[in-house]
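Take a look at the structure set out below.
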Amino acid sequence: MINNRELANTFTLIADLLEIKGENFYKTNAYRKAAENLLELSQEAHQIWEDGELQSIPGVGKAIADKIDELLRTGELEFLNRLTAEVPASLAEMVKIPDLGPKKVKLFWDELGITTVEELAEAAKAGKLADLPGMGEKSQARVLAGIEALGRRQTGRIPLGDAWGFGQSQLMFLRALPGVAAAEMAGSLRRMRDTIGDLDILVAAEDSEPVMEAFSSQPNISHIEGRGPTKTSVEFSNGLRAQVWVHPPQRFGTALQYATGSKDHNVRVREQALKKGFSLSEHALTREDGTELLCASEEEVYQAVGLPFIPPELREDRGEVQAGLAGTLPRLIKVANILSDLHTHSTWSDGRGSIREMAEAAIARGRKMLAVTDHSQSLGIGNGLSIERLMAQKEEINQLRQEFQGQITLLHGTEMEIKADGTLDYPDEILAQLDIVVASLHVAMRQPREQVTERMLTAIRNPHVDIIGHPTNRLIPDRAGADLDMEVIFQAAAEHGTALEINANPQRLDLNDIHARRAIELGVLLAVDTDAHAPEHFDFLPFGVATARRAWAAKENVINTWPVEKLLGWLENRPHP
DNA sequence: GCCGTTTTCGGCCCGACTGTTTTCAGTCG
């Protein structure tokens, strides 16, 4: 069955080819928008199709719904076949080259018959591009540079955790420059997406030139892609690209709002601004008579267009503007609300810290409760605990519990394997002796959807299992998660009162934002845990909380925010229908 | 092609930077 990604790729291809053909911008944009929305669905499109509800997908009207229907029924699309007969599909590869768009690609195709990236590189090297209308020596050189850059950038988006540290160091560098009043991260890093395309940084300064000069003179920059008074784009030698904007402090609010995006959110906000009689740009809110309303803070921007402040994590055009207008935005969970970490490891299995060290690290970060959940016996690679070792561990925790009394509550638990054959790794009578049970999938992830989903349901239905750890077991950026029927998982978790984890490790962030949001809608409780394997891993927490915020989670949706007594009561007497 | 508490037809955000141009087109975010 064709999945959402394949559908999205098909519509993106259609958009690219129509654009090269010179089709109306709004029509091509409609295909792109539909593709993006397909990727944001929490369910598979074919399930929606079976219910006959395709047009309930945002951006999908009759024409696109018919095309999805044809693709799902036949695996083919007559419209696309006719289109590729007219415009070679390989041209879509060429528009991915930086600084090349549909107009230039069409020019090379019309004038020189070029249909592939290889032919384009040859033509550029042979000097055939420079004489074309609108082209010149510099543009020809840019084409070659773009093809090289395309090769370098094949790695695509980078994990949030990797971009975070680099972004912070850039912020510190900029904030230390003379004349800089403020510097803030913007773009997808500020919105805390799980992967980051490039860094967007906003600087407040009266005089932009010295800032741009200092920024683009850093030794680890491999080349400067653009350099103007308000915007500079560079590529660092590690392959990461960054853009820096400089605006005067009194315009910082509009500029930060603009640079944070997302693009779709900004379109929505600007529509709202127009209704209030303003044209909104990064510089100001401009009235129809041309006078400007300057905003030093984002709060002022949102207020002026009639909206409450919208937290960056929500700015994805997933209904946040509408909710803001209706006054139904959630009160988002905060890092400071988290009292417990319910999924951590120690040297008993594959952790790098003793239980004592982990407890001390948790106390230092203000946690009130810590669950020690080492791996279970069948996970050999993780030094999983036999029943004998599990019981010995209980002794150690009982002793430490006395020692840490009044500082932190220690729980004895397990991260239990959901085994390949669908059974669980400890018998129920052992699980009954533990304070908390996290059940996770690590092996046989490539089983067919029905089989792996059924394994997960076995764990969810077990009355001793409290939390499902990193439900899909994806790894960012390389490993897709197991092919689970998430809708069925969520319904079962809601029914049995089993919490689903948002694993805060930036390589995991699993559940992701979209799945977690759907889970909340269906009444599922979430657990935000670090899965710490070392004391410093407790610092992953903000990534997990950010993912929960992106899922529109309020404090009460996340069991880690509950007071210790309430959470202990839940673990003890969880309703098990 | 999609969409609607100002619309079922007529809209659909706004600007920076570059290169090739003497006023603008293309690309990008």
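Below, chains carry the letters A, B, ... as their sequence lines are ordered, and counting in each starts from 1. Reckoned from all heavy atoms, side chains included, excluding hydrogens, waters and symmetry mates.
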Would you give me the side-chain donor-acceptor pairs under 3.5 Å for residues 76-90 of chain A, sequence neighbours excluded?
residue : atom : partner  : partner atom : Å
A:Glu76 : OE1  : A:Asn81  : ND2          : 3.1
A:Thr84 : OG1  : A:Leu80  : O            : 3.0
A:Thr84 : OG1  : A:Asn81  : O            : 3.1
A:Ser90 : OG   : A:Thr115 : O            : 2.7

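B:dT5 and B:dG1 have their P atoms separated by 23 Å, with the value rounded to a whole Å.
Using a 4.0 Å heavy-atom criterion, one finds that A:Ser233 contacts no nucleic acid atom at all. A:Lys263 comes within 4.0 angstrom of a nucleotide base, judged by non-hydrogen atoms across all strands. Within 4.0 Å of A:Arg268, counting heavy atoms only, lies no atom of the nucleic acid at all. Contact annotation for A:Pro133: no contact, since no heavy-atom pair falls under 4.0 Å across all strands. Among the atoms of the strands shown, none is found under 4.0 Å from any heavy atom of A:Lys33. Among the heavy atoms of the strands lying under 4.0 Å from A:Glu137 are primed sugar atoms or P, OP1, OP2 only; no base atom is included. Using a 4.0 Å heavy-atom distance criterion, A:Ile97 is classed as a sugar-phosphate-only contact. Heavy atoms of A:Tyr258 sit under 4.0 angstrom from at least one base atom.
Side-chain atoms of A:Asn37 come within 3.5 Å of backbone atoms of A:Pro58 as a donor-acceptor pair (strictly under, hydrogens ignored). At least one donor-acceptor pair closer than 3.5 Å links the side chain of A:Asn4 to the backbone N or O of A:Ala45.
First and last contacts of DNA chain B with chain A, using any nucleotide atom under 4.0 Å from a protein heavy atom and ordered 5' to 3', fall at B:dG1 to B:dG29.
Side-chain contact check for A:Val244 versus A:Val246: some heavy-atom pair is nearer than 4.5 Å.
Around the CD atom of A:Gln170, the shell of radius 6.0 Å holds more than 12 heavy atoms that belong to other residues, nucleotides or ligands.
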